[in-house]
Asks: 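Dropping the structure in here first, questions after.
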Amino acid sequence: MRVLFISLSLPPFAESQTIRSAYLIRALAQYGVKFDLITAHTVPSMTDPSLEALLPESCRVWRTEVPTYDRTVERLKRAGRRRLLYLYSNLAYRLFAPDVRRGWNLQAVALAQQVAERFPPDLLMSASGSATAHLAAAQLKHTLQRAWVADLGDPWSWVDWQHPDTWLKAIPNRWLERRTLPQTDLLLWTTEATQRAYQQWYRRSIPPSIVIPYGYRQEDFPIAPQPTTVPIRFAYVGAASRRARNLIPLLEALAHTRNATPFALQIVGDASHHFQRAAHALNLPQVHFTGRVSYTDSLHYIREAGVLVLVGNKSPYQVPGKTFLYLASGRPILYLSQMPHADDPTYQLLSAFEGVAVVPNQAQAIREWLEFLNEARFRAWEAEARMRHAAPSLEPYEVHSLGRQLYDSLKHIVERTGCSD
């Protein structure tokens, strides 16, 4: 089976969808699937070279020039035009549809047609982050007469409707979504909640779909973790902002906790400057910020943490991708929830596993929980979490299990549509 795969979120572009796509591509390659990847060159500031090792050597990668938005942002940065950069990036985020990389689909289609002439595909696949990949795949489906599988990752237009400053972009995105998604032969979702919501919204016009979670690689966590030392080192790994995943309640709780057990906190990855200001204002010398790190380094921080901090989403349709890496690590997880448990898919996933503490993302609740956590209770919690490393209930989320499920679906589509050469 040969797949023409279209996405801007492919190595070395640094974002979570890149990791998801690379996981699935590598898993499918083990079943003999060959890939031609259509993507773009990436400006250096947005790359993580360690991600390239996730792709199998059998992949051929074809790149367009850098998208217009990325070139413009890079040019403004180099020129030191900070105010103009702020204005341009904010207007683009609020107004450009389907997203800031609008128009890349035209480049992707032109390149994909050239590649398809040399290496005819059996199947088309597209993946977010940028929905321009889905627009390109919709056009190629008719041009190449091949079946098309779309991995949306996050919901499309719903993301814009959730924020009052992006409603103008949500209007054309709703139109693009309704025009594009019914053309797919299979949709991939990351959660059952999103799958149900779209089925209820689109009813008969929605194509078949399956749920393929983000998952993890067993090879990234080859051995059970060893006990950690005191002070107990909490680690938050990943992007964080006041709007989506606010760490200020945790910082305030650490500042006002009365506990004989010493704690430290490491915030790993891109984090809002508001958190650094808050840590300074609260006089928290035990809080450290690493800034952005590579994928390889982020795995190191996860494996070495005493407690992994996970801040939940405010949307009922998504599970943070690092949730699965946290679970696979065998480390204790402090889940700071931000929505009712009955509506929270992350809580529902975590509740099936040992070594997870759930606390509302509120300073007082976190402080009370920290004061309860002495060293003896931490050691018992740590031992519970270590049991996850070999838990059979975790195996369905390993990428090879997910790859088998996806391969069976792709094979069925190719056989049904008669597209295989």
Side-chain angles (χ1 to χ4, degrees), residues 1-13 15 17-18 20-22 24-25 28 33-43 46 55 59-73 92 95-154 156-157 169 172-188 207 410 413-414 417-421:
M1 187 191 304
R2 181 171 298 283
V3 173
L4 187 63
F5 192 104
I6 306 138
S7 178
L8 279 167
S9 297
L10 288 169
F13 186 69
E15 72 168 17
Q17 179 65 40
T18 299
R20 169 177 168 80
S21 291
L24 295 179
I25 289 168
L28 289 170
V33 180
K34 305 295 184 184
F35 284 92
D36 286 294
L37 308 181
I38 305 295
T39 188
H41 287 287
T42 309
V43 297
M46 299 179 182
L55 290 177
C59 286
R60 282 191 294 253
V61 184
W62 309 84
R63 298 186 186 276
T64 70
E65 64 181 16
V66 177
T68 302
Y69 172 80
D70 298 322
R71 292 203 314 271
T72 304
V73 166
L95 299 177
F96 288 4
D99 49 57
V100 296
R101 293 174 180 88
R102 67 176 184 180
W104 179 76
N105 48 297
L106 303 178
Q107 297 173 261
V109 167
L111 179 57
Q113 287 175 329
Q114 296 174 26
V115 173
E117 287 180 5
R118 296 176 59 188
F119 307 103
D122 299 312
L123 189 70
L124 303 173
M125 288 187 69
S126 60
S128 305
S130 174
T132 54
H134 306 309
L135 300 181
Q139 183 174 342
L140 289 166
K141 174 184 171 72
H142 295 288
T143 303
L144 302 178
Q145 294 296 298
R146 290 295 188 263
W148 166 33
V149 176
D151 178 14
L152 261 70
D154 292 338
W156 187 340
S157 66
K169 182 174 64 172
N173 263 341
R174 173 73 181 274
W175 180 82
L176 288 170
E177 184 179 62
R178 293 179 66 89
R179 182 171 172 239
T180 303
L181 293 192
Q183 300 182 52
T184 63
D185 294 273
L186 181 69
L187 286 170
L188 307 185
L410 300 187
I413 289 173
V414 171
T417 57
C419 292
S420 178
D421 295 330

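Count residues from 1 along the sequence.
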Asks: Working note: L135 + L176, criterion side chain to side chain contact (heavy atoms under 4.5 Å, CB included); need CA distance, chi angles, decisive distance, verdict.
Replies: CA-CA 8 Å; L135 300 181; L176 288 170; 4.2 Å; yes

Asks: Return yes when atom NZ of K141 has more than 12 non-hydrogen atoms of other residues, nucleotides or ligands closer than 6.0 Å, and no otherwise.
Replies: yes

Asks: Tell me, yes or no, whether the heavy-atom count around R179 atom CZ, taken from other residues, nucleotides or ligands under 6.0 Å, exceeds 12.
Replies: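 Not more than 12 within 6.0 Å, no.
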
Asks: Please step through side chain to side chain contact (heavy atoms under 4.5 Å, CB included) for the pair F35 and R60, ending with a clear verdict.
Replies: CA-CA 6 Å; F35 284 92; R60 282 191 294 253; over 6 Å; no

Asks: To the nearest 0.5 angstrom, please state how far the OG1 atom of T184 sits from the CG atom of L152.
Replies: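 Result: 8.5 Å between the selected atoms.
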
Asks: Can you name the nearest heavy-atom pair linking P172 to A97, along with the distance?
Replies: CG-CB, 3.7 Å

Asks: Please confirm whether the backbone N or O of V149 pairs with a side-chain atom of D185, one donor and one acceptor, at under 3.5 Å?
Replies: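 No; zero donor-acceptor contacts below 3.5 Å.
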
Asks: Kindly compute the distance separating CE (M125) from CG (L37), expressed to the nearest 0.5 Å.
Replies: 10.5 Å

Asks: Compare every heavy atom of L186 with every heavy atom of I413, then report the nearest pair and how far apart it is.
Replies: CD1-CB, 3.4 Å

Asks: Show your reasoning for whether side chain to side chain contact (heavy atoms under 4.5 Å, CB included) applies to L28 and L410.
Replies: CA-CA 10 Å; L28 289 170; L410 300 187; 3.9 Å; yes

Asks: Is it true that T180 and H134 share a donor-acceptor pair across their side chains at a distance under 3.5 Å?
Replies: no

Asks: How about Q17 and S21: does a side-chain donor come under 3.5 Å of a side-chain acceptor?
Replies: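 A donor-acceptor contact under 3.5 Å links the two side chains.
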
Asks: Between W104 and S130, is there a side-chain donor-acceptor contact under 3.5 Å, judged purely by atom types and distance?
Replies: no

Asks: Roughly how far, to the nearest 0.5 Å, is CG of D36 from CZ of F5?
Replies: 12.5 Å

Asks: Please determine if R101 forms a cation-pi arrangement with Y69, meaning its NZ or CZ atom is less than 6.0 Å from the six-membered ring centre and no more than 45° off the ring axis.
Replies: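 Not flagged: R101 not positioned over aromatic ring of Y69.
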
Asks: Is any side-chain heavy atom of W148 less than 4.5 Å from a side-chain heavy atom of Q183?
Replies: yes

Asks: Write down the atom of D70, the atom of M46, and the distance for their closest heavy-atom approach.
Replies: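 Closest pair (atom of D70, atom of M46, distance): OD1-CE, 3.3 Å.
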
Asks: Between S7 and A127, is there a donor-acceptor pair closer than 3.5 Å when you use the side chain of the first and the backbone of the second?
Replies: yes

Asks: With side chains defined as the heavy atoms from C-beta onward, is the minimum distance between V3 and P121 less than 4.5 Å?
Replies: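 Contact flag for V3/P121 side chains = no.
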
Asks: What pair of heavy atoms forms the shortest contact from V100 to F96, and how long is it?
Replies: O-CD2, 3.8 Å

Asks: What's the spacing between T64 OG1 and L111 CG if we round to 0.5 Å?
Replies: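 If we round to the nearest 0.5 Å, T64:OG1 and L111:CG are 7.0 Å apart.
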
Asks: Looking only at heavy atoms, which two atoms of L24 and D151 are closest? And how far apart?
Replies: CD1-OD2, 4.4 Å

Asks: Measuring from L95:CG to R102:CZ, what's the distance to the nearest 0.5 Å?
Replies: 8.5 Å

Asks: Is any side-chain heavy atom of N173 closer than 4.5 Å to a side-chain heavy atom of W156?
Replies: yes

Asks: Taking the side chain as every heavy atom from C-beta outward, state whether I38 and L4 have any atom pair closer than 4.5 Å.
Replies: yes

Asks: To the nearest 0.5 Å, what is the distance between NZ (K34) and CD1 (I25)?
Replies: 14.0 Å

Asks: Is Q145 reaching over with its side chain to a backbone N or O of H142, donor-acceptor style, under 3.5 angstrom?
Replies: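 Yes, because the side chain of Q145 sits within donor-acceptor range (under 3.5 Å) of the backbone of H142.
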
Asks: Which atom pair, heavy atoms only, marks the closest approach of A112 to L140?
Replies: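 Scanning both residues completely, I find the closest heavy atoms to be CB-CD1, 3.5 Å.
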
